[in-house]
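Worksheet: one structure, shown below.
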Amino acid sequence: MAKDAKKSKDAAETPAEAPRPPADPRLKYVKKFHGRFLPRGPLRDRHTALFARWNGGDDHGGVTVEELKSLYEDWRASRQKGPKKPATA
């Protein structure tokens, strides 16, 4: 019992850690492009321009979540394959 009392006393004395600030929502989309290949064309040009701004300074060049999300959705749509053609016998 003495050990339990000591543990509760130690827990009461230690200050609670400050909650961690929420993660930047832009990082969710930045991580999705890490190590990905974008074929030559308008998507790669948008990606290059966006990430040049992202890497430009401490505030990430004012890149917004909407810009990153739009690029990601357009990239995903370009990767969609069309419906398979039925096999003709």
Side-chain angles (χ1 to χ4, degrees):
M1 273 207 211
K3 289 181 182 179
D4 294 336
K6 184 177 180 181
K7 285 183 185 178
S8 64
K9 181 180 175 187
D10 289 340
E13 288 178 4
T14 57
E17 292 183 26
R20 192 166 56 169
D24 189 351
R26 299 176 294 183
L27 293 176
K28 174 182 173 183
Y29 292 102
V30 169
K31 288 179 182 180
K32 291 180 186 287
F33 285 107
H34 185 72
R36 298 290 182 177
F37 174 76
L38 275 79
R40 229 178 283 156
L43 284 178
R44 185 190 285 184
D45 296 339
R46 282 174 55 196
H47 178 270
T48 304
L50 205 62
F51 280 88
R53 283 176 41 208
W54 178 265
N55 295 325
D58 292 338
D59 66 341
H60 298 298
V63 175
T64 64
V65 175
E66 290 79 27
E67 288 175 304
L68 291 165
K69 185 177 181 179
S70 172
L71 178 64
Y72 177 70
E73 288 172 352
D74 292 345
W75 175 68
R76 292 285 295 191
S78 72
R79 293 181 45 90
Q80 293 291 328
K81 295 184 179 180
K84 287 189 176 184
K85 296 179 182 176
T88 56

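Keep in mind the model is a prediction, meaning the values are calculated, not measured.
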Grab the two heavy atoms, one from L71 and one from H47, that are nearest each other, plus how far apart they are.
CD2-CA, 3.8 Å

Do side-chain atoms of S70 reach the backbone of E66 as a donor and acceptor pair under 3.5 angstrom?
no

Considering all heavy atoms of both residues, which atom of R26 and which atom of V65 are nearest to each other, and what is their separation?
CG-CG2, 3.5 Å

Closest heavy-atom pair and its distance - R44, L38
NE-O, 2.9 Å

At what distance, to the nearest 0.5 angstrom, does CG of L43 lie from CZ of R79?
11.5 Å

side-chain contact (heavy atoms from CB on, under 4.5 Å) evaluation trace for W75 with R36
CA-CA 10 Å; W75 175 68; R36 298 290 182 177; 3.8 Å; yes

From L68 CG over to K31 NZ, what is the distance, rounded to the nearest 0.5 angstrom?
13.0 Å

Output the distance between atom CZ (F51) and atom NE2 (H34), rounded to the nearest 0.5 Å.
10.5 Å

Side chains of R46 and D74, heavy atoms from C-beta outward: is any pair under 4.5 Å?
yes

